[in-house]
Engineer: 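Can you keep this structure in mind? I'll have questions shortly.
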Amino acid sequence: GGVSSADGSGIKLYGVRDKNMMAVGWQDGTLKVAFRFGTYLYANVAEDAYLKIKANPYPNALFVKLVKNHPELYPCTKVA
């Protein structure tokens, strides 16, 4: 791994087809999600969860179920 920055700028994003979620990326336990109205980082997310979200035909729905609905597990930071 390279140098990890607090704003997640080193995380490469992969575009997804979803009306709300634009792109998703992951590095060293941090999930980065670019939504239509902002970009956020979620801490403590397993790579497995990221891969499932990236591969899902409804990535935003799965993300909400796996990550967003559990803020005590995956604290969120708005970066853009």
Side-chain angles (χ1 to χ4, degrees):
V3 178
S4 183
S5 58
D7 66 351
S9 59
I11 301 176
K12 183 169 165 48
L13 288 170
Y14 295 87
V16 293
R17 288 181 169 274
D18 190 277
K19 65 179 185 288
N20 185 36
M21 181 184 287
M22 310 296 286
V24 63
W26 183 92
Q27 185 181 310
D28 300 328
T30 299
L31 182 72
K32 183 176 183 179
V33 185
F35 296 103
R36 200 167 288 282
F37 303 110
T39 300
Y40 297 82
L41 301 177
Y42 298 85
N44 311 324
V45 178
E47 187 172 18
D48 180 60
Y50 157 65
L51 293 172
K52 285 178 180 171
I53 291 164
K54 190 170 84 160
N56 197 280
Y58 304 99
N60 189 69
L62 185 62
F63 157 77
V64 168
K65 183 179 164 190
L66 292 180
V67 178
K68 192 177 180 186
N69 284 348
H70 308 281
E72 72 285 355
L73 300 177
Y74 313 113
C76 170
T77 309
K78 189 175 197 295
V79 290

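Numbering of residues begins at 1 and proceeds along the displayed sequence. Keep in mind that what you see is a predicted model, and the values were worked out from it rather than measured. Below, all heavy atoms of this structure are taken into account, side chains as well, without hydrogens, waters or symmetry copies.
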Engineer: Please say whether more than 12 non-hydrogen atoms of neighbouring residues, nucleotides or ligands are located less than 6.0 Å from CZ in F35.
Structural biologist: yes
Engineer: Rounded to the nearest 0.5 Å, what's the gap from CG on L62 to CG on N56? Could you check?
Structural biologist: 4.5 Å
Engineer: Taking side chain to side chain donor-acceptor pair (under 3.5 Å) as the test, write out the residues that go with K52, two or more places apart.
Structural biologist: D48
Engineer: Is there a donor-acceptor contact under 3.5 Å from the side chain of W26 to the main chain of V45?
Structural biologist: yes
Engineer: Just list the side-chain donor-acceptor pairs under 3.5 Å for residues 11-20, sequence neighbours left out, or say none.
Structural biologist:
residue: D18; atom: OD1; partner: N20; partner atom: N; Å: 2.9
residue: D18; atom: OD1; partner: M21; partner atom: N; Å: 3.2
residue: D18; atom: OD2; partner: N60; partner atom: N; Å: 3.3
residue: N20; atom: ND2; partner: N60; partner atom: OD1; Å: 3.3

Engineer: Quick one: are V24 and L31 in side-chain contact, heavy atoms under 4.5 Å?
Structural biologist: yes
Engineer: Could you work out the complete set of other residues in the hydrophobic cluster of F37, with links drawn between I, L, V, M, F, W and Y side chains under 4.5 Å apart?
Structural biologist: none
Engineer: For Y42, check ring pair (Phe, Tyr, Trp, His ring centres under 6.0 Å) against everything at least two apart and list the hits.
Structural biologist: F63
Engineer: For residues 64-80, which side-chain N or O atoms pair as donor and acceptor with protein atoms under 3.5 Å away, sequence neighbours left out?
Structural biologist:
residue: N69; atom: ND2; partner: V64; partner atom: O; Å: 3.3
residue: H70; atom: NE2; partner: K65; partner atom: O; Å: 3.2
residue: K78; atom: NZ; partner: A80; partner atom: O; Å: 2.8

